[in-house]
Amino acid sequence: MRRMALDLPLLLLPGVGFLVLTFGLPLYWAITGSLGLGADGTGFTLMHLADIFLETKFRKGLMMSLYYAIAPTVLTLFVAIPLAMLLQKSFPGRKLFNGLYKIPLAIPSIVAAFMVLTLIEQGGFMDRVLVHIGLSMPKIVRDQFGIGVILSTLWKDIPFMTLIIAGAFGAIPKDMVPAARSLGASRTRAFLMVELPLAMPGVTAATLLCFVKSIGNFAAPSLLGPAYPLPLSIQMYDAYREGDWIAIYSMGTVLIIVSFIVLGAYYALTARTLQHMKREG
Amino acid sequence: MQRYHSIFLSLLALVCLLFMLVLPIGIILLWSVSNGWFPPNLSPGDYTSRHWAMFLSDPTLTPAIVNSLVITVIVTASSMVIAMPTAWALARFDFRLKKIIEIFILAPLIVPGMVVAVGLGRVFLKLDLAYSMEGVILVQIAGVLPLTIRILSGGFESIPGDIINAARTLGAHRFAIIRYILLPLSIPAMLAAGLLSFVGSFEEFERTLIIGAPIVHTLTTRLFVNLSGQGLVIPVAAVVSLILLLPVLVVFLLTSRIMRDDVMAAGMGKL
Amino acid sequence: MQLKCLAASAAVIAAMTGAAHAADVTGPAFGDTFNVTDTSVDLSQLTRENFYDVLVPLAKKDGEMTFYSYWPPAPLVVFQNQIIPAFEKKYGIKVHFNSVETNVGLPQLDAAYKEGKPSPMDGYFSSDLPADLNEMANIRLTDILPNAADLDPSLAYEYRGIEHNGAYVPFHGNQTVIAFNSAFVKGDEVPQTFEDLLAYSKANPGKVAITSPLRGGSGSGFLTAVSHKLMSDDCVAKWMDLSADEAAADKLVNNSECFAPVWAYFNDLLETAQITNGNTDTLNLMANGVANVGTAWEDLTFSYVMGNQLPDTVRVTILNGGQPGGAEGAFIPSNTANLAAALLFMDEILAPEHQAWKLAGFASRSPKTELDASLIPAEAQKLLVPADIYEEGRISNANPVMSRVVRDAFAANVLDK
Amino acid sequence: MPALKNELDVLDISKHYSGVEALSPTSLSVANGEFVTILGPSGCGKSTLLRMITGITLPSGGHILLQGRDITRLPPEKRDIAIVFQSYALFPHMSVRNNILFGLKMKKLGKQEQLRRFEHVVTICGLGDLVSRYPKQLSGGQQQRVALARALVMQPALLLLDEPLSNLDAKLRESLRDDLLALHRSTGSTTLYVTHDQSEAMSMSDRIIVMDKGRVVESGRPRDLYLKPQKRFTALFFGHTNLVPVEAEGTLATLPWGSVLPLDQAARGKGEISLRPECISVFPDAAGDAVVRQVTFMGPDIFYDLQIGNHCLKSRQGSNGVPLEVGARVNVHIEGIATLLEQTGSASVSAGAAPESPSLEGDR
């Protein structure tokens, strides 16, 4: 026991210490900077933060950031869960598919956005194919709903989420479904009442990860999104180019707050179910 | 009936792969050698290697590739070394602040890289780390560390405690346990974490740009200008995309043969 | 040879007698004091005449320098393939060249300056200037560079509404234009006025692409052009007042009726025209045959057509009333570590042979009065704005504060609708 | 047609996976209220058989009838069969209460009926204080009882138990074995029990079906299988035995050292018989033809390893007498009637397949 008391801080030190220095400190500066403290500051004020909610372009930008994060995440869920189920089954070529479907994970998101652009833009490849059968592509690039952005985010998110959820399904003890079936649950009900709840930790974690990956998404909205409103990620980059540190810190702080609220909600929601499933009980 | 079913699934998977992977990559391949490709043509009317030649003869490309590889490898290796003890502590010990520490470790995934990089950039200037490889490596490690810790600790959790006890009773000391028991058993987790770090570091853009560019360019920051809305010339962007695609794809395909999905999924799947 | 002797003696005389005179008339720095951190060069003694004699030995001692360039494809090649090799050969000074996305070097410069560190670049060809010129770039380059003697005076001291007093050496002349595909837009359909453009858009919904002023220069140029044409003279005068501050800008833009016709025009136009994410986005739409008319940069359109990324039926014009043009340039940060080399390089970029090379190859118009578009091969001439329109068509910009306020107001009054 | 009194009839059912036979055509039946055990080493096909009976896997051939109804192709939820898995397969995200109620809810039983059955099963399984706990908060034995309760509450036509005791420690296993039997008697449920533990099988079953390598070796009452196995495999699988070569002549068998035993059936030629250690008595005799080579004290019993001629014999005696010393000469007396083992079929028993140590423990 005495050894553990000594070991633990030593073991935690490299990872946690590194993150405190390279992440905790910048975070602290960002938050103090947004409050008007710190190097560029003019004294404590909440105005910079309030601006994000008061100024139209920031407020709409925040909404847009949330939209670009939530919409694809929700849509991804609907595709990734069936896909993860599919991967539990055996069919000819499953191995190949299992190897290849993850490729988008390795493709930089800006390349992904570019590929989506060449495919689905008006006058892009799909459009040219459709022209030959007398149809034309609807406007889904630069459209007000950001469909192009969402498609390109989906392209990267679906394999990511499928991987995690397939892992979660794969980890369910093999007798669970037969047990439910023998107790009278149909295939669907066994899925809804046993498999899905058991895979839920994986599903929620995947959802959270997709959400946080998308909320900072820069490339796709920049290439495929509507010209207005611009999500905070792009506005931050613009502010950086203009050397507007305060704006970066304020937008950053708001994004941090939003993300932490989501993270907090996630833990609050999952804490109870997780607790029962934990080994220690 | 069963047979019918599985053939349908195969077809579906095949169509998905064709449409989602082969088609987009094929099209940018065509674009990269196109010399004028206007609608309604389904293939370029004329071909040229000009766009490739322009890039491959660019003297700044080689240093960027070298930087990318060096940085990516160092980031992957160091994040592994840094993550290992912490991941072990999180996997094996129960302590009061565990939840807090877990959340803190996850947080860098959530906070936009720009915020971190801008803050660090100022300090790095003071420390003469700005525009240096060291600086870029440090800031990138901060980005890949959370997932590395998660996946490794997931892997460590799955090592039965009895194995270690058994090794102890057989006279293994701490170092021997690590060397002969823990390392071999955590190879799948290390592989999964390493792959994710590799990809993450390679495609990292915001932090590298702010801390390193333009003195230290990686392939990604070097080529970003050709892909951003400001400078997007499609054939050039196509060449750039393929150049960016190649290294990660090669690494990915190589490792995916020996990589275990469940390990990667397990690490990320329980936050 | 003889000429060189002459120049040298002139320099000596100038150095002996002309110091006081130079400070009065063509003082090298626009601040009263120099705050360059590299004191190896005595800027107060530097003139066009003694330029090379003083600098070449000092620059050779520097031995190397770093130059940043922002991206437009043509100037990149011009630096990489033309100017830098020539410069390195001539002086034996190594140039570390970095291409950066638009102006990301500026925050780096700003950060380095605040930390008291040397600037990451010794010269920077950027589309924007540091905010605080007095502190960060205050050398009157256009008055001391020998190759700057024949600069177009309208470009030598002012850029996009910023009075820089010569700290920003114009390098690459550009012009915002309306590009159109002459295969589809024929004869009298070609818009000549803003009304024409509106009418064409209404008749051909979706066929006009307007770059978002938030995302690209051709868009903000178009916004400037519309404002210039549609606002009353009184409003235009207030708007173009280069000394306008935040309050004045806010008053004019948000609390007067001046911009009402501008917003009305855009709101009308954008009912049928589409707004794009950048200069190249607009051109790509035209290449895809989705748009027939779009806002663009003259040189970018030129290089697109020359590179087969746009059909060779695309032409450019300037609408009646003028569209903004100017010359992007380069500056030397006050915290450069290699001042002498940087000064020499700034001079090099204005050398007539380089300027002619890029003009002929990339329609990158020269700010030097002696070089005009006639250097461009005849078959490429058709891709430029016709000379008669060009001469009258160039208008200048409001100052940056004003431009930003107008841009935000555009977002609120047009894009947000 | 099968007789209708049988609850379960399995007719020539078989399974092969991509050409590899996991189960040869197998038939068996379980009568109403009967407790039948399938016994065999791991990998003998018993789990496959069980999974087909529950409907988790579909058979490659043959039929399964439950109460005379063909259920071969019915999905698991439509069969009136409940199963207790070796892993218990308790739903970790549900409390004990919800685990038990799960099947009743699936069957959409009335609330009253649900409650009645729930309380009954909670009582008989002794789960009173545990109902609001979660599976991970229970001990192994408690989990096992919950799994059993979850199955029993369905009042299934057939209850399947798949090695339900194998994850428990020895002491618990024994007490739960008794509980299981008591439950079986009180509910009268028709039960098919799968195990690899012969002592479990013998102590609980009305009938045992011995399986090996994907086929049934033999079946019968525990006592018959133990004392009069027909197959070498059965003889070896049930505890300790002495396999002794004999010469049969009529109803007499001559052992290698000259002793003669009666046979239950007339036969002729060379053969092999199984002699249980407890059928071999030893008496100290300085002129005896056997020598004690090893003495193993087992508490209630003593095992003597004897050498007679060049054969070894294991004998089991009560430990209340005066123990013999190693090296003592003894006389051997063999009781009972021997059965010649069939040499065909699954007679080849690999050394590892006979579970020696559990049998010693279980035979006390």
Side-chain angles (χ1 to χ4, degrees), chain A residues 81 84-85 88-95 164-165 167-207 266-281, chain D residues 17-18 47 50-57 74-96 98-109 132-139 143 146-147 149-156 158-160 162-163:
Chain A
I81 293 180
M85 297 293 295
Q88 312 297 314
K89 301 221 179 322
S90 76
F91 54 89
R94 195 194 83 96
K95 221 175 161 179
I164 301 177
I165 294 178
F169 277 126
I172 297 176
K174 64 173 174 27
D175 284 340
M176 284 297 161
V177 173
R181 299 283 305 271
S182 74
L183 290 169
S186 65
R187 200 184 286 261
T188 324
R189 299 197 78 182
F191 171 72
L192 287 177
M193 300 194 64
V194 176
E195 275 186 289
L196 197 58
L198 287 180
M200 220 40 185
V203 174
T204 50
T207 310
Y266 165 80
Y267 272 109
L269 285 175
T270 55
R272 260 196 39 210
T273 28
L274 281 178
Q275 202 183 0
H276 301 312
M277 293 163 73
K278 272 218 163 158
R279 207 158 289 278
E280 297 86 47
Chain D
Y17 296 102
S18 51
S47 291
L50 207 65
R51 292 179 96 77
M52 289 192 291
I53 295 173
T54 51
I56 298 162
T57 29
L74 230 50
E77 65 268 23
K78 302 251 168 75
R79 304 179 180 203
D80 195 8
I81 297 174
I83 176 167
V84 174
F85 288 92
Q86 184 174 7
S87 64
Y88 312 139
L90 295 180
F91 305 130
H93 58 304
M94 297 180 195
S95 62
V96 168
N98 286 334
N99 262 285
I100 295 173
L101 287 175
F102 183 87
L104 300 180
K105 284 182 185 157
M106 290 298 128
K107 286 230 158 132
K108 299 202 171 76
L109 248 57
S132 52
R133 294 219 198 150
Y134 281 81
K136 286 284 153 63
Q137 298 168 306
L138 302 177
S139 72
Q143 290 185 24
V146 174
R150 190 175 70 176
L152 284 176
V153 81
M154 303 299 292
Q155 300 180 350
L158 177 67
L159 174 65
L160 299 179
D162 184 4
E163 309 223 14

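The shown structure was predicted, so the numbers you read here are calculated from the model rather than taken from an experiment. Note on naming: letters A, B, ... go to the chains in the order of the sequence lines (proteins, then strands), and numbering restarts at 1 for each one. Excluded from the calculations below are hydrogen atoms, water molecules and symmetry mates; all remaining heavy atoms, backbone and side chain alike, are included.
Between A:Ser182 and D:Met154 there is no side-chain heavy-atom pair separated by less than 4.5 Å.
Every residue was checked against the ring pair (Phe, Tyr, Trp, His ring centres under 6.0 Å) condition with D:Phe85, not counting sequence neighbours, and none meets it.
Across all non-hydrogen atoms, the minimal contact from D:Glu77 to A:Gly184 is CB-C, 3.3 Å. When all heavy atoms of A:Pro197 and D:His93 are compared, the closest pair comes out as CB-CD2, 3.1 Å.
When each of D:Met94, D:Arg150, D:Arg79 is scored by its heavy-atom pairs under 4.5 Å with chain A, the top score falls to D:Arg150.
The local environment of NZ in D:Lys107 is crowded, with over 12 non-hydrogen atoms from other residues, nucleotides or ligands closer than 6.0 Å.
D:Leu101 contributes atom CG, which lies 11.0 Å from atom CG of A:Leu183 (distance to the nearest 0.5 angstrom). Put simply, CZ on D:Phe91 and CG on A:Leu198 are 8.0 Å apart, with the number rounded to the nearest 0.5 Å.
For D:Ile83, the parts lying under 4.5 angstrom from a heavy atom of chain A are both the backbone and the side chain. Heavy atoms of D:Ser87 lying under 4.5 Å from chain A belong to its backbone as well as its side chain. Heavy atoms of A:Pro173 lying under 4.5 Å from chain D are absent altogether. Looking at D:Arg51, only its side chain comes within 4.5 Å of chain A, counting heavy atoms on both sides. Residue contact with chain D, scored on non-hydrogen atoms closer than 4.5 Å, involves the backbone and the side chain of A:Ala180 alike. Proximity to chain A is absent for every atom of D:Leu104, based on heavy atoms less than 4.5 angstrom apart.
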Test side chain to side chain contact (heavy atoms under 4.5 Å, CB included) applied to D:Met106 and A:Met193, step by step:
CA-CA 10 Å; D:Met106 290 298 128; A:Met193 300 194 64; 2.9 Å; yes
